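Notes follow the structure.
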Amino acid sequence: MNENFPEQHIKNYKNIVMHSDGQDMAHIAGMLENGSMKVHVGKTFPFEEIPEAHTELENGKVRGKIVITLS
C-alpha cells in the first residue's frame with residue numbers, strides 16, 4: 001500500500017480521503033479476491049432512484065456502501 005498510509009485498522013473515523021495509484025488498486029483487488037477484505041453493501045437503489053440514494057447518504061445513518069444498479 002501507499003507509504004503515506006500504513007496498513008492498520010482504523011476504528012474511529014468519520015471520513016478518510018486518500019489518493020491511490022495502480023499498485024494500490026492491484027493490492028486492494030487482491031485482498032478482495034482472497035477474502036482478506038470484505039465490502040459491506042448497506043443498500044441498493046436502481047438508477048431511477050438516485051435522488052433517494054442521495055437522501056439516504058445525507059441522513060448520515062448509512063452503514064456500508066450504497067450501490068446504484070443499472071438495468
Side-chain angles (χ1 to χ4, degrees):
M1 297 289 283
N2 189 316
E3 294 174 16
N4 298 323
F5 192 78
E7 292 184 45
Q8 61 186 7
H9 296 282
I10 300 173
K11 296 184 181 197
N12 298 314
Y13 64 91
K14 186 81 171 169
N15 292 311
I16 294 177
V17 177
M18 54 186 284
H19 301 277
S20 60
D21 58 22
Q23 184 179 2
D24 291 339
M25 298 310 291
H27 183 76
I28 291 169
M31 292 172 68
L32 290 167
E33 286 177 10
N34 71 25
S36 64
M37 177 192 292
K38 299 198 185 315
V39 177
H40 175 74
V41 176
K43 288 193 174 184
T44 303
F45 292 88
F47 183 78
E48 298 77 25
E49 294 181 16
I50 286 179
E52 290 84 354
H54 195 270
T55 299
E56 194 73 22
L57 282 171
E58 287 179 333
N59 78 23
K61 296 181 181 177
V62 175
R63 293 191 58 108
K65 301 293 181 188
I66 288 186
V67 174
I68 305 299
T69 58
L70 304 174
S71 45

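The structure presented is a predicted model; accordingly, all values stated were derived computationally and were not measured. Heads up: numbering here begins at 1 and tracks the sequence.
Here the NE2 atom belonging to His27 is positioned 10.0 Å from the CG atom belonging to Leu32, to the nearest 0.5 angstrom. Taken to the nearest 0.5 Å, the CD atom of Gln23 stands 11.0 Å off from the CD1 atom of Ile28. Taken from CD1 in Ile68 to CZ in Phe47, the straight-line distance is 8.5 Å, to the nearest 0.5 Å. A distance of 11.5 Å separates NE2 in His54 from CG in Asn59, rounded to the nearest 0.5 Å.
Partner of Ile66 under the side-chain contact (heavy atoms from CB on, under 4.5 Å) criterion, out of Thr44, Val41, Leu57, Ile50: Leu57 alone.
The cluster map of Ile, Leu, Val, Met, Phe, Trp and Tyr, joined by side-chain heavy atoms under 4.5 Å apart, puts Val62 and Val67 in different clusters.
For the salt bridge (Lys or Arg N to Asp or Glu O under 4.0 Å) test, no residue two or more places apart in sequence or in another chain qualifies with Glu52. With sequence neighbours excluded, no residue forms a salt bridge (Lys or Arg N to Asp or Glu O under 4.0 Å) with Lys65. Shown here are the side-chain contact (heavy atoms from CB on, under 4.5 Å) partners of Ser36, two or more places apart in sequence or in another chain: Met31, Asn34.
Between His40 and Arg63 the shortest heavy-atom distance is CD2-O, 3.3 Å.
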